[in-house]
Amino acid sequence: MIRIRPVMAFSALASLLACAEGSKTETVQLDRPSNYQVVNAPAQSARGDLIESTHVVSLSQEEVSGKLAPLLTAFNLQAKNGVHIYRVKYQSQIPATPGAPAAPVVASGLMIVPDSKQPTYPWIGVQHGTATSKADSPSVTPSEGIFEASQGFVAVVMDYIGYGSSSKVLHPYLVERAYADAGIDFLKATYKFADLNTIGKGPLFLKGYSEGGYATLALQKEIETNYPKDFPLVATAPSGGPYDLDAIAIELMQRETVHPVNIPFLILSYSKWLSNNDFNPEAIFNLPTASVEALFTGRFNNDYIGSKISNKNSEMLQKTLVDDFLSAAPQSNEAVKLHSYLQSQSLTNKGWQPRATTLFFHCVDDEVVPVSSVKKAKEAFPAPNVVVTTFPSPAQGPQYKHTTCPAIFAPTVAFLDILKKMAAK
């Protein structure tokens, strides 16, 4: 059982991880992995090639302990080491659309290496939650992955296509291929960085929360389907995310309030990446589409967008569209196509079954992604290697909501337990 001390809201804990861009903080020991750069790399590189790595900051064990103190206390942990943080650029591709093939792009992410100089490290791929501001991408504002690295993991956190080095592209939000391709290419590139710097590659884990939960399961599916020998997985933890997208959309559309960021982001994403100019957001939004699009250019964060778009279903979305979408036999082009797009990007309806230990975490009172998401995932993945853990809210105090759910960090504790059991064998 994962024991949690409710010392403070987990959203506040997450904010404590932020590591200011341009910080000059260094550990006393400056012996760290070397930067790497290929000149004119985009013209000669293949998918997964390491193009550049740049040292961002190093934090001593004491500094990490100070930054993470409330979070470490909540899980009864201590920082085991300091960390070296790198920004990594690599070659990947943007997804194909009905009107264009996949195209090369330079993508980016964050790589966080413990300073403990172990011969081999466990590795963890951390997939982040929904972020609309380009400034909040991991490689621009390092935060996610530091907690995991403090526990001895090499943590690799991809920006996703549409952030960091690929920020001129509209993020393919909840488009399976985007996470699968960028995730595989990022692992290839960070493994190459590790080989160049003699960083040992040990057991591989994946975790992610919210959008990151979906991204984690999409990447797991890609690894187990096409790269099982390249990246053998020990365990994954998709948490707080949607997996059967159509079923979750049907449930959310019946509510009086819906998330003011996630729904519009998905509509704009699918209009760009999945439609062949035959899916009209004007038939879905109550607001002018141009006004919605202007909020998703990467300039504004989730909170700002939430202040500009009403979370009331009736004010955000056209009632005729919602009624048609929820009907037994949708008739309008947009309702029919939206169902089709959601089904095409769902991860539970393709016949694939997870092979690695797969730990789904979710909070019972999650108001953004309903807990039915993990219940449906377990129905789709009935094997015993798939385990669902739900966190009820405390009897006293605030409820665990989407941004305050222990599932954001609990997977790391579960992975540490798996490592202990592996070491004991």
Side-chain angles (χ1 to χ4, degrees), residues 5 7-8 10-37 52-88 108-126 128 135-159 164 190-191 193-203 205 207 408-413 415-416 419-420 423:
R5 300 176 185 175
V7 293
M8 63 188 300
F10 279 81
S11 57
L13 290 174
S15 69
L16 293 174
L17 303 182
C19 179
E21 175 69 13
S23 170
K24 301 300 182 183
T25 305
E26 294 285 358
T27 57
V28 175
Q29 173 57 264
L30 295 180
D31 183 13
R32 60 174 186 251
S34 300
N35 291 346
Y36 177 82
Q37 185 169 9
E52 181 181 302
S53 64
T54 305
H55 178 252
V56 177
V57 68
S58 291
L59 300 172
S60 69
Q61 182 178 4
E62 292 73 22
E63 289 166 330
V64 171
S65 294
K67 283 180 173 292
L68 301 180
L71 180 54
L72 294 168
T73 298
F75 288 101
N76 196 29
L77 295 171
Q78 295 181 342
K80 297 179 179 179
N81 47 258
V83 298
H84 302 300
I85 303 176
Y86 289 81
R87 182 180 299 110
V88 174
S108 55
L110 206 64
M111 182 173 181
I112 309 175
V113 183
D115 67 2
S116 53
K117 298 183 180 179
Q118 298 298 317
T120 303
Y121 297 95
W123 281 54
I124 184 168
V126 181
H128 65 84
D136 291 335
S137 61
S139 72
V140 176
T141 305
S143 59
E144 296 200 50
I146 298 175
F147 172 62
E148 290 74 17
S150 80
Q151 299 306 303
F153 291 90
V154 169
V156 293
V157 192
M158 63 172 165
D159 284 331
T190 52
Y191 272 32
F193 179 81
D195 290 340
L196 287 168
N197 287 282
T198 320
I199 300 169
K201 301 188 291 290
F205 300 82
K207 62 157 280 194
I408 300 170
F409 297 107
T412 305
V413 181
F415 293 162
L416 290 171
L419 287 171
K420 287 180 183 178

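Between the CE atom of M158 and the OG1 atom of T190 there is a distance of 11.0 Å, given to the nearest 0.5 Å. Atom OG of S143 and atom CG of D136 lie 8.0 Å apart (nearest 0.5 Å). Q151 contributes atom CD, which lies 11.0 Å from atom CG of L419 (distance to the nearest 0.5 angstrom). Between atom CZ of residue F409 and atom NZ of residue K207 there is a gap of 6.5 Å, rounded to the nearest 0.5 Å. Expressed to the nearest 0.5 Å, how far CZ of F415 lies from CD of E148 amounts to 9.0 Å. In this structure, D115 CG and L59 CG are separated by 9.5 Å, a value rounded to the nearest 0.5 Å.
At least one donor-acceptor pair closer than 3.5 Å links the side chain of E63 to the backbone N or O of S60. A donor-acceptor pair under 3.5 Å links the side-chain atoms of Y86 to the main chain of P33, judged by distance alone. Side chain of W123 to main chain of V156: no donor-acceptor pair is present (N/O by atom type, distance under 3.5 Å, no hydrogens or angles). Without hydrogens or angle criteria, T120 side chain to G202 main chain gives no donor-acceptor distance under 3.5 Å. Distance alone, capped at 3.5 Å, places no donor-acceptor pair between the N81 side chain and the P114 backbone.
When V126, I112, V113, L416 are each tested for a side chain to side chain contact (heavy atoms under 4.5 Å, CB included) with F153, only one passes: L416.
Residues E52 and T54 have side chains that bring a donor and an acceptor to within less than 3.5 angstrom of each other. Side-chain contact annotation: D159 with S108, donor-acceptor N/O pair under 3.5 Å present.
In plain terms, the two heavy atoms of N35 and S53 that are nearest each other are CB-O, 3.4 Å. Nearest approach of S137 to G164, heavy atoms of both residues: OG-N, 3.8 Å. Scanning both residues, A155 and G145, for their nearest heavy atoms gives CB-O, 3.4 Å.
Applying the salt bridge (charged side-chain N to carboxylate O under 4.0 Å, His left out) test to K80 and every residue at least two apart in sequence or in another chain returns nothing. Partners of D195 under the side chain to side chain contact (heavy atoms under 4.5 Å, CB included) rule, at least two apart in sequence or in another chain, are K201. Contacts of S65 classified as side chain to side chain contact (heavy atoms under 4.5 Å, CB included), with partners at least two apart in sequence or in another chain: Q61, A79.
With a 4.5 Å cut-off on side-chain heavy atoms, P138 and E144 do not count as touching. You'll find the side chain of I85 reaches within 4.5 Å of the side chain of L110, heavy atoms only. Contact check for F205 versus P411: no side-chain heavy atoms found under the 4.5 Å cut-off. Looking at L196 and S34, their side chains never come closer than 4.5 Å, going by heavy atoms from C-beta outward. A 4.5 Å side-chain heavy-atom check between S58 and R32 finds at least one atom pair inside the cut-off.
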Candidate pair S150 and L72, rule side chain to side chain contact (heavy atoms under 4.5 Å, CB included), full reasoning: CA-CA 10 Å; S150 80; L72 294 168; 4.2 Å; yes
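Applying the 6.0 Å contact sphere to CD of Q78 captures no more than 12 heavy atoms from other residues, nucleotides or ligands.
F75 and F147 have tilted rings, their planes meeting at an angle from 30° to 60° on a 0 to 90° scale.
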